[in-house]
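Here is the structure we will look at.
Below, read A as the first sequence line, B as the second, and so on, with proteins coming before strands; counting in each chain starts at 1. Just so it is clear, the structure is predicted and the values come from calculations on it, not from any experiment.
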Amino acid sequence: MGIFPRKVKGFRDIDSRLNSVRWLIIQKASEVYRRYGFEHWDSPVLEYAELLGKYLPDADDVADGIYSFRNPELEPQFDERGNELRDEQNNVVMTNHFLTMRYDLTAPLARMYSEMVWQRFIHNQLKEGRAPLFRRYQFGPVFRFEAKLDPGRFREFWQLDFDTVGSDDVAVDAENVMVLSDALENIGISRGKYVVRMNNRKLVKGYLRAVGVESEELEQAILRIVDKADKIGMQGVAEELGKGREDKASGAFISGLGLDNRLIDRIMQFFYSFENTPGRAEVLNKLANLNIGNELLDQGLEELRRIDEILSGLNYRDDRAILDPTMIRGMGYYTGPIFEVEYQGTYKDEKGRKRRVGSISGGGRYDGLVERILGLRVPATGASIGVDRLAEVLINQGLVPEYSGPVLIVVFDPGMMIEYQRLALKLRNAGIDTEIYYGNRRGLKQQLSYADQKNSPLALLLGEDELRQNVITVRDLRLGKELADKITDKQQWKEQVQQQVPLDQVVEYVKNKLQK
RNA sequence: GCCGGGGUAGCUCAGACUGGUUAGAGCGCCAGACUGUGGAUCUGGAGGUCAUGGGUUCGACCCCCAUCCCCGGUACCA
């Protein structure tokens, strides 16, 4: 008996092809991040649950969306100043802490930063507004427990973040837009195929406050509905703000917030006025003419002006970044400017349906995350690229270079192994990825078939005939694939894709072939 | 979570409405022909607890019930 082999639901194996795209994204984007002064840091996959700020499994609230479990090891409990808790007998209170697998890279950053400044903080050397500056980029897997998986969404996926902690200058937010734009172009997405949408939470919050939305909860609920506008339409938004709506596709009734019509009108009025998103200058104009007289809104507008000024000054125009006051982003922790990158295009999924690509990256200013841990307001802003999402886009849009496996040395005769090894050594020393075939199925057919599967560009044949003549037969598998459909005569086909090359010229020859 | 659809070969699906001897196709896989040679072409072959359990029936892939799983939509999403 054996064991039924299967992988954990929502997780996946990544083949060499996908991995090559992943690394392309990471390398090209990191290059840009570094150019802006961000340095590469990592943090563990596991964190203490209370530091990531999610509910624990056996707390009253369900741990929705996270993987969390008890640490097998007993450890002391601490108060907020790092003192060990004691019981009546003055023994240290031990517990199996809850551990959480990180669900993003931002929350661990807040922990990491807090830990770095902890000593200064505890000795009162850290004052609000004077927190040290920290800029890092980080990539790796994050984990979310989604009860139901949407197509193309997984429970483990990669993110690629850059963040600036310790600055409240919105120039950083402007720079974030530039970093995202540069990174995407460096990856190979041409200008015009993506657009960075910017907004400021303060605008919307200020407006809502001005029209009479006071409570934080109601505000969040409204934002959540407005965020769905592109999916359910403006009409749908209005309905959900009011009595609710019936979803035709599913027949489900979605209950609304029950706001009164006058309020709904005023809310909708704001969002309607920015339809057909015009250029940044025009949006800023419209915002200025709102005449709401709300301080928060004015502040948000001023910040956006400043961002626009910098971007425009550096020639990052409307073709790269636009202002969209209706863009919300789901996450609650954003406090100021927010960004979202949308890929401008559609693709066909595996069932041939047209799909919008949508958001491939997002971010914004979050001035409250460190505060949750230290109780000290430390401003921060940054953004994250969804690596796997973007990889999917690149593949769908044909923007990735053709994947290539190693050159394969065919083993005609195991007795000649030393010859094969020598040949491989020469190629490897020249920096060419080279594999010698070690499979048990020795047929020439099997070996070439294997090379084909691995996407090898070339197969090198060295048998008795070649050995006698001191040559190698080089078979161009790529060319062969191209010519396959056009040629019926096997002999002719073979002549076109194979060439005998003198042994001492093989490295040069192969190098040349691979460069094409 | 809610509404709807589905589960038949490794993959995509037909058969089901109207129950009846050996459950089919394409692709893929394997072997052979051409060739010390991946593709194409031709020939042949292997591969199925018809999701699982129970019921109805002389007889169930097909009808009924339950369970599990998958898909679409919707809700949630730091």
Which atoms of nucleotides 29-31 of chain B (N or O only) lie under 3.5 Å from a protein N or O atom, and what are those distances?
residue: B:C30; atom: OP1; partner: A:Arg441; partner atom: NH2; Å: 3.2
residue: B:A31; atom: OP1; partner: A:Gln446; partner atom: NE2; Å: 3.1

My understanding is that only residues two or more places apart in sequence, or in another chain, count here; which of them pass side chain to side chain contact (heavy atoms under 4.5 Å, CB included) with A:Val507? A:Lys426, A:Leu427, A:Ala430

Please enumerate all residues that pass ring pair (Phe, Tyr, Trp, His ring centres under 6.0 Å) together with A:Phe134, with sequence neighbours excluded. A:Trp41

To the side chain of A:Ile66, which of B:G38, B:U35, B:A78 is closest? B:A78

A:Gln77 meets the side chain to side chain contact (heavy atoms under 4.5 Å, CB included) criterion, sequence neighbours left out, with A:Leu85, A:Val93, A:Thr95, A:His97

With A:Gln496, which residues qualify under side chain to side chain contact (heavy atoms under 4.5 Å, CB included), at least two apart? A:Leu483, A:Ile487, A:Gln492

First encountered from the 5' end of RNA chain B, between A:Glu240 and A:Tyr450: A:Tyr450

Provide the full list of ring pair (Phe, Tyr, Trp, His ring centres under 6.0 Å) pairs with a residue in residues 495-516 of chain A, sequence neighbours left out, each pair given once. none

Say you pick atom P in B:G59 and the same atom in B:G19; how far apart are they, in whole Å? 16 Å

Spacing of the P atoms in B:C29 and B:G39 (rounded, Å): 8 Å

Between B:C63 and B:G6, how far is it from one P atom to the other, in whole Å? 11 Å

Dot-bracket line, read 5' to 3' along RNA chain B, where crossing pairs take [ ] and | marks a partner on another strand, Watson-Crick or G-U under 3.5 Å: (((((((..((((......[...)))).(((((.......))))).....(((((..]....))))))))))))....

I need the full list of side chain to side chain donor-acceptor pair (under 3.5 Å) pairs touching residues 436-445 of chain A, with sequence neighbours left out, sorted by first then second residue. A:Gln421-A:Tyr438

Applying side chain to side chain donor-acceptor pair (under 3.5 Å), which residue pairs with at least one partner in residues 107-117 of chain A are found, sequence neighbours left out? A:Glu47-A:Arg111, A:Arg111-A:Glu115

Does the side chain of A:Asp104 come under 3.5 Å of the side chain of A:Ser384 through a donor N or O and an acceptor N or O? no

State which of B:A78, B:U35, B:G38 makes the closest approach to the side chain of A:Leu448. B:G38

Taking the same atom, P, in B:G72 and in B:U49, what whole-Å distance lies between them? 26 Å

Between B:G28 and B:U74, how far apart are the two C1' atoms, rounded to whole Å? 37 Å

Minimum-distance nucleotide to A:Trp493 side chain [options: B:A75, B:A78, B:G39]: B:G39

Among B:G36, B:G39, B:A78, the one nearest any side-chain atom of A:Tyr103 is B:A78

Out of B:U35, B:A78, B:C70, minimum distance to the side chain of A:Lys9 belongs to B:C70

Please tabulate, for side-chain N and O atoms in residues 400-408 of chain A, each donor-acceptor pair with protein atoms closer than 3.5 Å (sequence neighbours left out).
residue: A:Tyr403; atom: OH; partner: A:Ser16; partner atom: OG; Å: 2.8
residue: A:Ser404; atom: OG; partner: A:Arg478; partner atom: NH2; Å: 2.9

Between A:Thr100 and A:Ser68, do the side chains contain a donor N or O and an acceptor N or O under 3.5 Å apart? yes

Please state the C1' separation for the pair B:C64 and B:C11 - nearest whole angstrom. 32 Å

Separation of the C1' atoms in B:A9 and B:G24, to the nearest angstrom: 10 Å

Result for salt bridge (charged side-chain N to carboxylate O under 4.0 Å, His left out) between A:Glu219 and one of A:Lys202, A:Arg209, A:Arg201 points to A:Arg209

Among residues at least two apart in sequence or on other chains, which ones pass side chain to side chain contact (heavy atoms under 4.5 Å, CB included) with A:Val142? A:Arg102, A:Leu105, A:Phe157, A:Gln159

Considering every strand and a 4.0 Å limit on heavy-atom distances, what is the contact class for A:Phe412: base, sugar-phosphate, or nothing? base

Near RNA chain B, counting only heavy atoms under 4.0 Å, which residues of residues 457-466 of chain A show up? A:Leu461, A:Gly463, A:Asp465, A:Glu466

